[in-house]
Amino acid sequence: MSSVATSRRPTRPGRIRLPELFTGGGRSRRLLWLFVGVLVLFSVARVVSGQQALTSSSTFAAALLLAVPIGLAALGGLFSERAGVVNIGLEGMMILGTWGAGWAGYQWGWGAAVLGGLLFGAVGGLLHAIATVTFGVDHVVSGVAINILAAGVVRFLSELFYVDNPAGGGAAQSPSLSNRPPDFSLPVLSSGPDLLGDLESLHWFLISDLAGLLRGLTHEVGVLTLIAVLLIPASYLVLWRTAFGLRLRSCGENPAAADSLGVPVYRLKYIAVLISGALAGLGGVFLVFVANIYREGQTGGRGFIGLAALIFGNWRPGGLAAGAGLFGFSDALQLRSRTAVVALLLVVALLLAGLAVAQAVRGRILTAVIAGVFAIASLVGFLTIDALPPGIVFFTPHLTTLLVLSLASQRLRMPQADGVVYRRGEH
Amino acid sequence: MNGRPGLLRRVGLALIGPVLAIIVALVISGIVIALIGEDPVAALKVMVDLGDTPSQQTQAIVVILNRAIPLFLAGLAVSVAFRMGLFNIGVEGQYRMAAIAAAAVGAAVVLPAPLHVLLIMVVAVAVGALWAGIVGVLKVTRGVSEVISSIMLNFIALGTASFLLTGPLRGSGEGASIVTTKPIPESGWFPGLNGLFTALGLAQPRTELYGFLLVAIVVGVAIAVLIKRTRFGFDLRASGLSPSAATASGVNARAMVLKTMLLSGAIAGLIGLPDLLGDTHEFGTQFTGGLGFLGIAVALLGRNTPVGITLAALLFAFLDRAALPLQFADIPSSVVTIIQGTIVLTVVIANEVVGRFALRTAERAGSAAAAPPADPGGGGGGDTSPIDGPTGHGRSDDRQGAQA
């Protein structure tokens, strides 16, 4: 919003004020500064706390690994919610996807696993579409029912196909996949001479952190990760730069108006929810690839978190990717090192201290004091706690999501007719 | 039209949805069982068979009732929020936090029996309400969707409970395979109801029927009265049917959200207690999970009315009991989950279809009679809030009643 205003402002050459340097130049410049700011923040936290895991390439690689399934689920949510169908059933479709991938993968390899996951996820989507679009059932209710049903169906299918299967497996898991998907590394920089790896191990301020980030994102990246990352801009192009996307989004904003203009609302909603299910299923495939096996409960609520990432990202592809990245990073940190999570407290303390100063300058003393108190509390926590107990560390990502949402959600705008049951001729 | 056929019609329309749904679900499940080469009729027989001897039969009934009590409470907790158009998906976390807090407090204090039990219940209710209150506060002050925040809080509750159990509240020894809190002394146990069977001249079952059944009945009646007969209940239902109309008539929407979440969480806090006070007497790693999600299904099936929820809880408990006998008969017990999931999906579809049918016949009857040209309740009919599936049918039923 404000970026539009600033970018339209006539630029006066030669007299650049300091705030203009950070906030001017439109959206991309501001994002760049945000990125630099976060990087500096984490570099400081790493150097002060001595927790190298905070910005190591292995942490970033794990973060990417954990962000991909969430991002795929969120992308699935994007398609369906942009067409006006709330999809709480993402979790169930993801579960179906993991089973489909496991079943097809152990017999015919990783290519078939991708297809199997897509197909099974789409079946879940079809069910959701039939219930919500054709029968006009409340979207959340249908989604919850699908989640319950999916859990039962995969258990049943596993008992049917995997118990007494000569290839292995059991009531809760499939046999191993028959082959592994390929992965790629950036030549010279991340593999072979591995220049970024050398740079990272020097532990220089800022430079090593950047090297860690780049190496983590380019070293042994799986084929599905690559596809998932490419799907983000692809979804943007499809939804915002094609006639199909415009029509699909019009179903989510004002279906009655779209209908009056000849847009086939029901058909588009069906397509959107089918794509949604398939993408959630693909997220499931990714989880199966990571473990090389289907295991019951593999999704661990990632479909729900994908939904949160979608909301955090304001129903936009770039935003949801950032949300998935944030979640993946905090999840990776808690998995890699429990002591590094404590360093996160230092980051929070620095952020809150900055907020306190900013609020104090603007004259909001009360907010500033509250932020300051929490900043000091975080700092004390950082200084006194060595390692958080496993139970607490487990929910780091969920707590992060909750905090970020409660700070950001007032600026969010969901599609106008999201979750509204549309019946032709009744509006 | 006079009153009686109208009433009959109304009851019939309310019942036809769930009944249709259960039949369809059974047919689908039967097809599934037939597909794997088992006999659906035999499977049904296994599920209905409660046992050969009288004591086996009463035992089966006790198992069903003991399972139905927490399911009923879970359904009730979800339905209270549903009536207001709120989706409390966080019952799962609320009752887990409530149960571990109740177990800890119950083990820590020594009081005479009735006070001890009362204290435990108060703690559970307070913690459940508090945990749900976070959702309410975040929604009211920060605009966070209750669906997302309560899902996140479920995970946070899971982690916190496991931290408390393995850390500060650990009561069992270091090497024990099942970690539990310290046991609640006997003064904090809820007495069972097996005297009832003796009084009725029935065989004595092996396990104790939870005395918490009485609490569940009291809570159910209290909630029914609160929703149907008080100002608060009227405001709650009004906000659920049409938030804008409720606000226009002076209902403070933000306060209602908070109050409803607190009430829903308070009921949710009770879910873990039947097991805790009647059987295990300690919170442990084998604590029954998943009741919150089943509660959503029970509330949907019971159409958010206390009587409906009772029936739905009994049905789900009956199906859950059948899992073990099915396993013995070499039929995958996950059939039970499939039946439950299918019932939920078919029941919401059937409700929707029947609701539309009722609306249409009501409109036709209205236009045919043409005596009252426009019925006053009709204005709200076209207005849909984002979450009004379960309440929408109530609306069409009310219209039906107004016509009769």
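Lettering of chains follows the sequences in order, A, B, ..., and the numbering in each one begins at 1. Only this structure's heavy atoms are used, side chains among them; waters, hydrogens and symmetry mates stay out.
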Heavy-atom pairs under 4.5 Å with chain B are the metric here; pick the option from A:V154, A:V153, A:I130, A:V163 that has the most.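 The candidate making the most pairs under 4.5 Å is A:V153.
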Residue pair A:I88, B:F87: steps toward the side-chain contact (heavy atoms from CB on, under 4.5 Å) verdict: CA-CA 12 Å; A:I88 289 270; B:F87 200 80; 5.8 Å; no
Check each atom of A:L399 against the heavy atoms of chain B and say whether the ones under 4.5 Å are side chain, backbone, both or neither.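 Looking at A:L399, backbone and side chain both touch chain B.
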Identify the heavy atoms of [X] and [Y] that sit nearest to each other, and give their distance.
X      : Y      : answer
B:S334 : A:G152 : CB-O, 4.0 Å
A:I148 : B:T337 : O-CG2, 4.2 Å
A:A308 : B:I148 : CB-CG2, 3.7 Å
B:L345 : A:S142 : CD1-O, 4.1 Å
A:A145 : B:V344 : CB-CG1, 3.6 Å
B:E352 : A:G136 : CD-O, 3.2 Å

Using non-hydrogen atoms and a 4.5 Å limit, figure out which bit of [X] sits close to chain A: side chain, backbone, both or neither.
X      : result
B:L164 : neither
B:I338 : both
B:I156 : both

Please determine whether the number of non-hydrogen atoms from other residues, nucleotides or ligands lying under 6.0 Å from atom OH of A:Y266 exceeds 12.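 Correct, the count exceeds 12.
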Quick check: do B:L138 and A:L402 have side-chain heavy atoms less than 4.5 Å from each other?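 Yes, their side chains come closer than 4.5 Å.
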Side-chain heavy-atom pair B:V353, A:F135 within 4.5 angstrom cut-off: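 Yes, side chains in contact.
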Ring geometry between A:H398 and B:F155 (parallel below 30°, tilted from 30 to 60°, perpendicular above 60°):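 Judged by the thresholds at 30° and 60°, the geometry between B:F155 and A:H398 is parallel.
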[X] [atom1] to [Y] [atom2] distance, which is reported to the nearest 0.5 Å:
X      : Y      : atom1 : atom2 : result
A:L403 : B:M152 : CG    : CE    : 11.5 Å
A:F394 : B:T160 : CZ    : OG1   : 9.5 Å
A:F304 : B:I89  : CZ    : CD1   : 5.0 Å

